Amino acid sequence: MPRQREVSTERLRERVEEMSGEKLFACYQCGMCSAACPLTEEMDRLPSQVIRALQLGDPTVIESNAMWVCASCFACEVRCPKGVDLAKLMEALRQIRLRRSLDWISLDELPRERIRELPQIALVASLRKKAG
Ligand code: SF4
Ligand code: SF4
């Protein structure tokens, strides 16, 4: 995994709100988003934990894999009583990483055998999402 650059707490909160258009403190931690998300088994933090970390200004949230696993399916937004769009928050977090040249995957690190097995469209879509 690429080396992390330190992210200031306040700046991270501001940037995420600015880029997503969402209000972090609208969330009151009911957990409905995590209950609705079909991909939590693959995430190291639940969607509700991602937003809580952002509220607290925890810079380690930028290292989470949740934003890369998120498929922007909007199941969380549909269930959220506060209308928080977590897909937009996840996208903002991805963009923050990519703009710091912190890719999630590097082609150089993928074994050739693994690349050969992947459908081309999966590779292209994944690279668009996960690499700067
Ligand atoms: S469903 Fe909405 S209010 Fe509840 S924890 Fe998730 S983001 Fe927060
Ligand atoms: S948009 Fe992302 S976080 Fe929300 S339910 Fe879908 S996969 Fe989970």
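All ligand and atom numbering here is 1-based and tracks the order in the structure. Quantities reported herein were computed from a predicted structural model and do not represent experimental measurements.
- Inter-residue side-chain proximity for Leu39 and Cys70 is flagged as unmet; no heavy-atom pair is nearer than 4.5 Å.
- At the shortest separation from atom 6 (Fe) of ligand 2 among protein heavy atoms lies Cys73 SG, 2.3 Å.
- How far CD of Gln49 is from CG of Leu56: 11.5 Å, rounded to the nearest 0.5 Å.
- For the pair Asn65 and Met43, the minimum side-chain heavy-atom distance is below 4.5 Å.
- Close approach of ligand 2 to Ala71 (heavy-atom distance below 4.0 Å) involves ligand atoms 2 (Fe), 7 (S).
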Notebook entry, point to check: Going through the checks in order, is the side chain to side chain contact (heavy atoms under 4.5 Å, CB included) test met by Leu89 and Val50?
Noted result: CA-CA 9 Å; Leu89 294 178; Val50 169; 5.9 Å; no

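- One finds the CD1 atom of Ile51 at 7.5 Å from the SG atom of Cys80 (value rounded to the nearest 0.5 Å).
- One N or O on the side chain of Arg13 and one on the backbone of Gln55 form a donor-acceptor pair closer than 3.5 Å.
- Atoms of ligand 2 lying under 4.0 Å from at least one heavy atom of Cys70, given by number and element, are 1 (S), 2 (Fe), 3 (S), 7 (S).
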Between side-chain atoms of residues 19-32 and protein atoms elsewhere (two or more places apart, or another chain), which donor-acceptor pairs fall under 3.5 Å?
from: Ser20; atom 1: OG; to: Val16; atom 2: O; distance (Å): 2.7
from: Ser20; atom 1: OG; to: Glu22; atom 2: N; distance (Å): 3.0
from: Glu22; atom 1: OE1; to: Asp85; atom 2: N; distance (Å): 2.9
from: Gln29; atom 1: NE2; to: Ser48; atom 2: O; distance (Å): 3.0

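- Atom CZ of Arg45 is separated from atom OG of Ser34 by 12.5 Å, given to the nearest 0.5 angstrom.
- Distances shorter than 2.8 Å separate atom 6 (Fe) of ligand 1 from the protein N/O/S atoms Cys33 SG.
- Contact annotation: for Ser72 versus ligand 2, heavy atoms closer than 4.0 Å belong to the backbone alone.
- For atom 8 (Fe) of ligand 2, the nearest non-hydrogen atom of the protein is Cys37 SG, 2.3 Å.
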